[in-house]
Amino acid sequence: MEMNGELFKLSVRALKRRWRQAVLLFAVLSFSFGFAVMTIMINGSMEATNRAYAEAKYGRYDILIPYGVPEDREWLESREWLLKLGTTVSYGRLALDKDGRNGPSIGTVDQGFIELGHLELESGRWPEYPGEIAMEESKLDMLKLDKTLGGTVEFTIYVPTNHRGLYVPVQRSFKLVGIIREYADGWNYLSGGPRAASRTPASGAIITEQDAQSVYAEAGESVGQITYEENGETVTATLSPLLYQYHIIRDKDMSRQARDELQGYMKKAGRLGPTFNDDSNIQSIIGRSAEATSYYSTLILIVTALGVICIYLLRVRSEAASLARFRSLGLTKRQLLLMVFYETVIIALPAFVVGVGLAAGGTALALELTVYAGSVPVRVTFPWKKLMIAALLWLVTVVAVRLAAVFVSLRTPLTGRIGAPGRRAWLIRRLNRALIWTLTVAVCYTALLTFSHSRIYLYDLFYTKEAATNATVSPKGDEGTVPANTVDRLRLVEGVKNVWGIRYFVTDVMGKALEERDEYTRQTAPVYVIDDADLEYLIPFDDLELICDSFSREEFIAGDSVLAVSDSNFTLSFGNDLDFDIINSRELLFPVGDGVITARVGYGGKFGRAVYNTQGRDIYDLPYYDINDGEFSGDHLWGILCSESFFERFLSSMPEGQALDGVWTAGERHDYNKAVMTFYPGATYLGAAEEINWIVDEAGLRSNIGNLSSAESYRRDFNQVEIQFLAGGLCVMFIIFIVIFSAMALEAERERRSAGIMEAIGLSKSRRYLKRLRSTLKSFLSAAAVSMVMIIIKEDFYRPYLEWLEEDFRYNGRLRTLSERILDELLSCAYGNWYQYGGTFWRFAIPLGICFAVILAASVFAGGRVTRGNLTDRLRDEQ
Amino acid sequence: MDIILSAKDVTRTYKVSSGQVEALRGVSYDFENGLFYAVIGRSGSGKSTLLHILSGLDRPTSGSVEVNGTDFTRYSDTKMAIFRRRHMGFVFQQYNLLDDYNVLTNITMPLTLDGRRADQDYLQEVTGMLGLSDKLAKYPSELSGGEQQRCAIARSVLAKPHIIFADEPTGNLDKKVGEDTMGLLRDSARRFGQTLIVVTHDLDIARKADQVIHIEDGKII
Ligand SMILES: Nc1ncnc2c1ncn2[C@@H]1O[C@H](COP(=O)(O)OP(=O)(O)O)[C@@H](O)[C@H]1O
Ligand SMILES: [Mg+2]
């Protein structure tokens, strides 16, 4: 209709005339919508990325049954949700370690397992006929066997009996038909997620089933002659049952059913339940992120609504008046609605488009910058459905607010000076104030929540660069060296911080107290011996210099001081005192002067910085950032890094297998060279990993870079939690700040006339500012108090404090006094770990300080607008 | 005699917090086509209320108002709006111009809303006569009070309504400007054969009217 076109033109003209306001509104709308969509998009994208990651890492929606029996197979094959099944059976060991436990195993695999376990051949083929074998090169090296394909290999297979450490040896020879690629990941994959106590290795040597059966049969014949003593009696040994492992791919849509059935089945059989890799690890992370992002999306939508209301409300009076004037000239209700509709759409539609664009760009950028998903590319998804729902909600809010103006105008009598009558104007002003106050509460709350909730992650965010992770490059066999030129090339890889060649020994250290408690069995502490030449690369190690302020290279060489770092991870669970036992007793072994220091940091979820005294000075540990939040378990690093001459003494002073003041030491010596490098698991990580692998491949070496699980999980946690809380929180804060700014500015615009009148009768500008400051302070303080109460009554806020109190009571038999507590709080701030448990004061003060600064700025800015322009103009002003 | 507008027993009561105000208590009057009426009376006597009801901006509590024999007081809001922009012109004491649009858009607004276009010759004639020709691109906030009121007059005249109402159109203007403005309004009404109903305090203006309606306490006397 032609008429509609005219109305449209009128709307455009009106908007042009009020372009400042229109632009502001446009900005608020597009930003807020953009952020809401962005949080939704990040959520969807991370979900997709995680799924892809799970697929790549674990095969696909897989389940592993590590301790299976032959009967399981039939049951499993009859399951509706089973897509693929792989089986591996271990028949015995190729060699035995001291207590006969962890030697590499020999066994069979079926085709399914080869596929699911990502087993690949370096050369040759899989054994097909009896008498054939495929082995890992390192296993051949270990047994000192000939590595030529087609050659004969002969060795002893140790078949386990029911008595721990007792095996039946079976001599066999095979024709070597294949070399199995050594896997960092698929080969030795995690069987139970991060919390599982053991990794379940696949066999390092694969033979046919017939051969395996014959080995087992032969062992069965001779096991009757083997006896052992138990409780003073002589017992005849029997073979231990074969160890079946099933690797299952299930239908992803039937995960619940699969889980329930499997758990029921295992329970009935009285065996350990299976692990659900995808569900338990990754889904839980997704769950957390989904929760938070929907929280923030909702919050953003609410804030947008408040912002839109706020801005339109300021205009409601003048707008209603103008609409009423239109009506007096004969604008029908339909035309009125149409005009408002046009005005809304003209702003909202481009805001919608720009918002979606902003969101897409923002999401891609945020994910690009912060997400590391291993070998899987990060996916950016476009969740149409959710987007539409968000858009709809958002539009409804905008339209609803605009309609409010229409209804006010319909109520406005068309007589006299058309406009909202005094009482209504007063009400609107009140409402507007209330909205700004609510927004202030919202921003304080969000700031507190964001900063206190993500305090650990926030720290990680800033320290990602320092969260160096280590990788090692080593020869394929147990002997050999990493050539110097490889080390040099590795040094040139971007992101690699330093590389040093080391000779690598393994020492077992075990605390007696630990053994008594039977809490864990053994720690293996690598001892790294550094060539003098490589010291060059050690000394510039920033962290070391930074933290060990009294450390100098000269002293290191001259005095044989030893600093300890580590690249090994343990998942342990123990308290402080035990750990100190080890350290203290080690000090007995190596008295001050020799300067052995262990790095013992980052356990218990606390960021600990242990300080050890050697040669009369303090030396601090390297920092290590724990990814666990608040649990008394976590990755624990330690190891010894020392010079060659020191190590000689170390060895000679360490009686093998003997108890020494509470510490067991034993020397299982792996005497080979490897290159240890440190690099950041940051943005350069992916590229670095690729390049390192390339160099390593070319040099015929191997690296554990594909297996940097700590780095990976670190990154995964980082992605999810950081993005959701920090980005979400900052987005909300940003929007609220924009809204508050604009609301105050618009309010100021309206105040100009009354302020002009006040000024005309003698109120000075400074007094006006002072008045403004006072009222800002008043409303801010009340808003901050309300938001603080809202935070404090959240359980996850006060729970740690309750735990503290409980601990106090348990250990001291009394509660600490308030002054002690405050002192502790301040001390923990001083130590820099306020972001974890302590520093309540700062956790409140910093976010609230930021909010106050911004709101004050908004207020001053608005104040400036009130008094802008000359007085006579302002007195004429009427809206 | 050609009756264009007739009010029959019109009453209007306002509800206020202290009870009821009877602004009009049974007003009946017939307006002849093409004449100039002046409505006078003390402040609060009900002049504005009467004008609002006659022009369809407000509805009577009881009674009816007919234009050419049709009662429009029971029209729906929409029909009333269309009726207003086709048949009635209104000049307010406070001008009530639309701040967001320039003078030209403001004065053509009733036509625009009706989906019509202004007759260019007529537009030039009206704006020329009211001395607005060089102010068409300006915005209301840039005009003086007199100019704003002339703009309002142009707006009320341009759609060629049958009746033009003006509620104290010169109340905010000084004597001289007020007289000029009033003159223009009267001239244009006469020229285009429109009926003009003006509320005024100014007895000089009232003297020039064809008929003077005296209101007191909600009644014509
Ligand atoms: N919207 C209203 N609400 C309540 N009372 C009103 C309203 N408009 C006018 N009145 C009352 O009606 C009476 C007539 O008002 P009005 O027609 O404006 O008088 P005049 O224009 O002659 O000065 C006055 O007593 C006035 O107080
Ligand atoms: Mg009046």
Side-chain angles (χ1 to χ4, degrees), chain A residues 1-22 315 317-319 321-339 343 406-407 409-419 421 423 753 869 873-879, chain B residues 12 14 17 23 48-49 51-53 55-59 76-102 104-117 139-142 144-145 152 155-156 159 161 165 167-168 172:
Chain A
M1 266 201 306
E2 209 222 337
M3 187 58 235
N4 293 353
E6 285 297 330
L7 280 180
F8 186 76
K9 273 190 225 151
L10 283 176
S11 308
V12 173
R13 275 207 216 154
L15 282 178
K16 264 195 201 152
R17 177 79 180 144
R18 285 183 267 115
W19 68 270
R20 249 181 248 262
Q21 227 166 25
R315 295 207 50 238
R317 233 173 73 136
S318 61
E319 175 152 47
S322 131
L323 290 176
R325 280 175 202 164
F326 261 115
R327 285 210 310 128
S328 79
L329 298 176
L331 190 80
T332 63
K333 216 195 285 188
R334 201 186 69 86
Q335 284 174 322
L336 192 75
L337 287 173
L338 208 62
M339 200 151 154
E343 259 186 53
V406 173
F407 287 119
S409 83
L410 286 176
R411 293 263 171 80
T412 309
L414 299 178
T415 52
R417 179 173 169 183
I418 297 174
R423 241 188 79 80
R753 195 173 123 86
D873 273 354
R874 273 187 283 141
L875 287 173
R876 261 163 53 101
D877 249 9
E878 52 170 312
Q879 293 240 339
Chain B
R12 178 70 166 95
Y14 290 109
S17 49
S48 296
T49 307
L51 218 62
H52 293 147
I53 286 172
S55 63
L57 287 172
D58 197 7
R59 293 168 201 272
S76 72
D77 277 353
T78 304
K79 217 168 159 192
M80 187 81 116
I82 294 169
F83 178 81
R84 239 184 354 250
R85 73 191 178 209
R86 295 208 175 133
H87 305 292
M88 314 294 205
F90 212 106
V91 180
F92 299 89
Q93 183 180 354
Q94 291 87 357
Y95 329 131
N96 282 337
L97 296 176
L98 297 160
D99 301 325
D100 293 335
Y101 302 100
N102 63 20
L104 181 65
T105 314
N106 256 293
I107 62 183
T108 54
M109 191 60 80
L111 286 168
T112 311
L113 293 179
D114 207 26
R116 286 186 278 157
R117 270 188 202 292
Y139 283 86
S141 57
E142 297 158 0
S144 72
R155 179 173 69 180
S156 69
F165 300 89
D167 191 354
E168 301 186 34
N172 282 357

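For the numbers below, each heavy atom of this structure counts, side chains included, while hydrogens, waters and symmetry mates do not. Throughout, a chain's letter reflects where its sequence line sits, starting with A, and its residues are numbered from 1.
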Q: Side chain from CB out, backbone as N, CA, C, O: work out which of these in Arg155(B) comes under 4.5 Å of a heavy atom of chain A, or both, or neither.
A: side chain
(Q) Less than 4.5 Å to any heavy atom of chain A: does that hold for the side chain of Leu51(B), its backbone, both, or neither? (A)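 No part of it gets close to chain A.
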Q | Residue pair Arg116(B), Glu6(A): steps toward the salt bridge (Lys or Arg N to Asp or Glu O under 4.0 Å) verdict | A | CA-CA 10 Å; Arg116(B) 286 186 278 157; Glu6(A) 285 297 330; over 6 Å; no
Q. Considering residues at least two apart in sequence or located in another chain, which fulfil the side chain to side chain contact (heavy atoms under 4.5 Å, CB included) criterion with Ala14(A)?
A. Arg18(A), Glu343(A), Asp100(B), Tyr101(B)
**Q.** Set of side chain to side chain contact (heavy atoms under 4.5 Å, CB included) partners for Lys79(B), sequence neighbours left out
**A.**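 With sequence neighbours excluded, Lys79(B) shows a side chain to side chain contact (heavy atoms under 4.5 Å, CB included) to Tyr75(B), Ser76(B), given in chain and number order.
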**Q.** side-chain contact (heavy atoms from CB on, under 4.5 Å) between Thr332(A) and Arg85(B), intermediate numbers included
**A.** CA-CA 10 Å; Thr332(A) 63; Arg85(B) 73 191 178 209; 3.9 Å; yes
Q: Start with the C-alpha gap between Thr112(B) and Leu7(A), add the side-chain angles, then the distance that decides, and say whether side-chain contact (heavy atoms from CB on, under 4.5 Å) holds.
A: CA-CA 8 Å; Thr112(B) 311; Leu7(A) 280 180; over 6 Å; no
Q.
So Ser328(A) and Asn96(B), do their side chains get closer than 4.5 Å, heavy atoms only?
A. no
Q | Under 4.5 Å from a heavy atom of chain B, the part of Leu15(A) involved | A |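 Answer is neither: Leu15(A) stays 4.5 Å or more from chain B.
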Q: Evaluate the side-chain contact (heavy atoms from CB on, under 4.5 Å) criterion for residues Met109(B) and Leu10(A): first the C-alpha distance (whole Å), next the side-chain angles of each, then the deciding distance (0.1 Å), finally the verdict.
A: CA-CA 9 Å; Met109(B) 191 60 80; Leu10(A) 283 176; 3.7 Å; yes
**Q.** Minimum-distance pair of heavy atoms, taken over all atoms of Gln335(A) and Leu113(B)
**A.**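 Minimum heavy-atom contact is NE2-O, 2.8 Å.
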Q: Run the numbers on Leu329(A) and Leu98(B) for side-chain contact (heavy atoms from CB on, under 4.5 Å), then give the verdict.
A: CA-CA 10 Å; Leu329(A) 298 176; Leu98(B) 297 160; 4.3 Å; yes
Q.
Let me confirm one number: the CG-CG distance from Leu331(A) to Asp114(B), rounded to the nearest 0.5 Å.
A. 11.0 Å
Q. Out of Phe83(B), Tyr139(B), Phe90(B), which one racks up the most heavy-atom pairs below 4.5 Å with chain A?
A.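 The residue among Phe83(B), Tyr139(B), Phe90(B) with the greatest pair count is Tyr139(B).
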Q: Report yes or no: do Arg13(A) and Thr105(B) form a side-chain donor-acceptor pair below 3.5 Å?
A: yes
